Amino acid sequence: MVKNKKSDSYYLVTTDNKNSWDTSKKILFLGEWCCNYSKKNEIANLDYNIAEPFCISRKEKNESIDFVVEKTKYMLGYARETLNSYHGTSHELRYWNIVLGHWLRRYVTILYNRYFTLQKALKNYNVTETANVSYRTYSLVMQNSSESVINADNKEWNMVIYDMLLKIINPTSILYSNTISLNIKDIEFERVKKKKGVKWFVKYLIHSNLKHFVRDSDSLIINTYLGRINEAILKLKLFEAPTFEMGNDGLPLPFSIDDKFRDELTTTLDSPVHFDDLLKMMFLKLLPTCFLESYDEYIRRVNQSGWPKHPKFIFTSNAFDTNEIFKLYAAMHSEVGVPYFAGQHGNAYCTHREVINQPELDSVDKFFSWGWGGGLKNIVPAFALSKHIPNKKIKRDKNGMLLLVENSLPPHYEPYDTTSEYGSYQEEQFKLIKSLHSDIRDHVLVRLFKRPIEPNWCEELRWEDELPDIRLEKGVSPFMSLVKRSRIVIFSFDTTGILELLANNFPLICFWREGTSHVHDREKYYYELLLEVGVFHDNPESAAQKVNEVWDDIDSWWGHEKVQDARKQFCERYVKISKKPVRELKQILLDQYHDHNTQG
């Protein structure tokens with residue numbers, strides 16, 4: 001790899017699709033995602049450089065989050081106007097935020113990342129040539145939110161996005177050569193199709209029979225995070241028939257794209273390009289059909305769902321992101337005054353800077369937290385809505401293994417360069433293992449994070465190259481089954497699993513890059529409590545040193561009064577435990593329902 005020199009002329013490569021490369025030229029890879037690790041020996045023979053990563057410092061990240069939040073609000077107004085015009089409706093902002101708010105946030109983030117990544121590379125390097133991508137029969141449009149999430153990592157999809165943006169930026173110095181033709185057959189999008197096995201058909205049969213007992217005035221309670229059995233018990237305690245969430249299952253939806261309407265509203269941009277105008281121009285080029293062409297079909301499926309037609313209230317902890325049928329149902333009924341409640345989906349809501357203005361926070365009548373309060377007026381401090389809290393079945397093996405729980409390379413819809421960030425993360429995992437005593441290393445099991453679509457990072461291969469003797473678990477085994485075989489667990493990212501194990505008083509150590517810089521200032525006190533007693537660390541060497549220190553007598557350390565006090569304070573704030581979760585949730589729901597009617 002050559003050094004960065006502005007005087008050098010580069011051939012720009014934006015993905016790892018080798019058909020777009022010209023290996024006879026000096027290559028500038030836009031990011032590390034262009035370099036498949038399994039081809040590292042082949043790539044090493046090229047004359048190349050990797051562009052400096054975009055938005056990698058904490059200051060840049062915080063600024064990018066604020067920017068994306070601002071532009072998402074701006075685009076919600078544009079989406080409302082555009083979609084109401086197309087469908088002949090007059091829905092309010094809240095309606096459309098419930099229906100497409102999560103997709104819209106990712107859309108803005110993706111364009112922000114791709115556009116300004118290109119801008120930075122063109123500013124810092126002398127790019128003179130790149131591939132010419134021909135995509136006349138290629139569409140960036142997906143069917144629904146789920147496909148859009150997965151497609152953020154699709155190399156061809158991203159190549160088209162970058163090509164479009166590059167031609168919009170329009171640097172006259174760039175020569176387009178090496179034409180790459182893409183058509184719809186080339187893009188068998190990597191959709192995750194759940195096999196409808198025996199469990200699905202049993203669930204379908206139960207749903208088909210129970211829906212006959214559902215009254216129009218019943219509540220809709222699905223995906224609470226408490227598990228289906230507890231959900232069924234909760235419904236029975238409310239004297240209602242249990243209901244099941246069938247997701248987006250069913251016959252395929254129409255996938256015809258209204259090119260005429262989409263093209264009519266897609267305007268050309270003047271130079272210089274303003275990002276607001278870019279967002280509007282690209283909106284209908286990426287908007288999934290479920291919000292436009294297939295919208296009426298989804299409405300029909302909502303009406304045939306078997307769910308209450310005039311629900312008392314609506315509650316979920318997990319269906320508000322990619323379940324198009326549920327989102328439409330919730331939006332339609334909340335618009336006519338039906339109370340819409342949401343429960344906390346894992347950790348991060350109160351603590352992480354990145355979790356701002358999420359639709360389930362902004363657009364619900366009440367949001368049930370895992371214990372914390374403050375901030376928004378609609379927050380109801382509740383308890384940990386998780387089937388793993390408390391979990392009496394978790395019993396530690398005092399002679400067991402050291403379980404290291406890994407994060408995966410994040411999907412490519414964050415504002416910053418996730419690949420570069422993950423590269424630094426990966427190096428810290430190796431440092432941790434190498435800093436452990438040799439006898440402890442023999443007990444290590446690294447649990448990889450299984451993703452539906454594996455990126456070209458090749459995590460397994462990297463571990464095998466760096467630490468071939470370390471055992472790997474590919475994310476297939478249930479997490480809790482691995483915990484039961486462990487004497488201590490290490491988390492290398494801030495995740496829900498930390499809350500679940502702290503609530504169950506299971507010994508753990510956690511560490512991650514940049515310490516508490518991702519945490520709101522108002523919440524850092526609680527993290528510092530764990531830092532003081534050696535549960536939380538801000539670097540891998542410190543975490544390894546603590547493991548070395550306590551390995552032979554974990555109980556004495558974990559059971560120490562100061563450690564337990566810190567754990568209890570942290571849990572009281574972020575993961576409050578209920579001994580009778582079904583009964584308590586029932587009361588919270590009824591109280592909030594009655595309050596809503598009283599205030600209404």
Side-chain angles (χ1 to χ4, degrees), residues 219 221-227 230-231 234 237-238 312-320 330 334 339-391 494-505 516 518-530 564-600:
S219 59
I221 300 174
I222 59 172
N223 284 14
T224 64
Y225 248 28
L226 290 176
N230 279 334
E231 283 179 17
L234 174 61
K237 284 182 175 291
L238 291 167
K312 184 184 301 180
F313 59 80
I314 300 167
F315 174 66
T316 186
S317 295
N318 196 25
F320 42 63
S334 62
Y340 174 29
F341 308 137
Q344 181 173 331
H345 177 81
N347 73 328
Y349 280 94
C350 175
T351 56
H352 290 33
R353 295 178 183 271
E354 289 86 350
V355 184
I356 305 174
N357 298 103
Q358 297 285 53
E360 65 271 23
L361 286 170
D362 283 357
S363 297
V364 297
D365 293 290
K366 294 295 179 181
F367 182 86
F368 304 159
S369 78
W370 281 15
W372 50 272
L376 299 175
K377 294 180 180 180
N378 64 344
I379 302 297
V380 177
F383 60 92
L385 295 167
S386 170
K387 62 183 178 181
H388 296 304
I389 304 172
N391 190 339
D494 198 352
T495 176
T496 305
I498 294 173
L499 299 185
E500 291 175 338
L501 293 199
L502 284 175
N504 285 290
N505 203 10
T516 58
H518 69 294
V519 177
H520 287 295
D521 290 341
R522 65 176 184 268
E523 304 299 327
K524 288 185 178 180
Y525 165 77
Y526 298 94
Y527 281 78
E528 288 167 358
L529 289 175
L530 298 183
Q564 286 298 306
D565 283 347
R567 182 190 70 83
K568 289 173 183 176
Q569 286 191 61
F570 197 88
C571 289
E572 185 66 20
R573 176 65 176 165
Y574 303 119
V575 59
K576 201 168 184 178
I577 300 171
S578 173
K579 294 181 179 179
K580 297 180 178 180
V582 174
R583 179 186 297 182
E584 190 169 343
L585 179 57
K586 172 195 169 185
Q587 194 58 52
I588 291 172
L589 288 167
L590 291 178
D591 287 346
Q592 295 305 319
Y593 168 68
H594 292 310
D595 287 349
H596 182 275
N597 288 342
T598 301
Q599 295 170 5

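In what follows, every heavy atom counts, from backbone to side chain, and hydrogens, waters and symmetry copies are set aside. For reference, positions follow the sequence shown, starting with 1. Everything numeric here is computed off the predicted structure, so don't read it as measured data.
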Note, L361 side chain near I379 side chain (heavy atom, < 4.5 Å) | yes
Quick check: does any side chain N or O of D365 sit under 3.5 Å from a backbone N or O of Y340, one acting as donor and the other as acceptor?
-> yes
Non-hydrogen side-chain atoms of E500 and S386 separated by less than 4.5 Å = yes
Residue pair A384 / I389: nearest heavy atoms and the distance that separates them = CB-CD1, 3.8 Å
CG (L385) and OG1 (T316) are apart, to the nearest 0.5 Å, by 10.5 Å
Can you name the closest pair of heavy atoms from P581 and L226 and give their distance?
-> CB-CD2, 4.3 Å
Output for pair (L234 CG, N230 CG), nearest 0.5 Å, gives 8.5 Å
Spatial distance of atom CG (N505) from atom SG (C571) [nearest 0.5 Å] | 8.0 Å
How close do P381 and G373 get, heavy atom to heavy atom, and via which atoms?
-> CG-CA, 4.0 Å
When you check the gap from the basic side-chain N to the acidic O, do D521 and K524 get nearer than 4.0 Å?
-> yes
With under 30° as parallel and over 60° as perpendicular, where do the rings of F313 and Y593 fit, or are they tilted in between?
-> tilted
Is there a side-chain contact between L585 and F368, using heavy atoms and a 4.5 Å cut-off?
-> yes
Within a strict 4.5 Å, meaning less than it, do heavy atoms of the Y574 and N347 side chains meet?
-> no
Could you go step by step and tell me if S219 and L238 meet the side-chain contact (heavy atoms from CB on, under 4.5 Å) rule?
-> CA-CA 9 Å; S219 59; L238 291 167; 4.2 Å; yes
Taking the side chain from E231 and the backbone from N223, do they hold a donor-acceptor pair closer than 3.5 Å?
-> yes
What pairs with F367 under ring-ring contact (aromatic ring centres under 6.0 Å, His included), at least two apart in sequence or on another chain?
-> Y349
Sub-3.5 Å donor-acceptor pair from the side chain of T224 to the main-chain atoms of S317, do we have one?
-> no
What orientation do Y225 and H345 show, parallel under 30°, tilted 30 to 60°, or perpendicular over 60°?
-> tilted
Heavy-atom pair with the smallest gap, counting every atom of Q569 and L529 = OE1-CD1, 3.6 Å
Output the distance between atom CZ (F570) and atom CD1 (I498), rounded to the nearest 0.5 Å.
-> 7.5 Å
Can you list every salt bridge (Lys or Arg N to Asp or Glu O under 4.0 Å) pair that touches residues 583-592, not counting sequence neighbours?
-> none
Does some side-chain heavy atom of F341 sit less than 4.5 Å from a side-chain heavy atom of I588?
-> no
Show the numbers, then the answer: is there a side-chain hydrogen bond (donor to acceptor under 3.5 Å, both in side chains) between T351 and E523?
-> CA-CA 6 Å; T351 56; E523 304 299 327; over 6 Å; no
Could you note down all residue pairs passing ring pair (Phe, Tyr, Trp, His ring centres under 6.0 Å) where residues 370-390 supplies at least one of them, sequence neighbours left out?
-> none
Gap separating the CG atom of L499 from the CZ atom of R573, nearest 0.5 angstrom = 12.5 Å
From K237 atom NZ to L590 atom CG, the distance as rounded to the nearest 0.5 Å | 11.5 Å
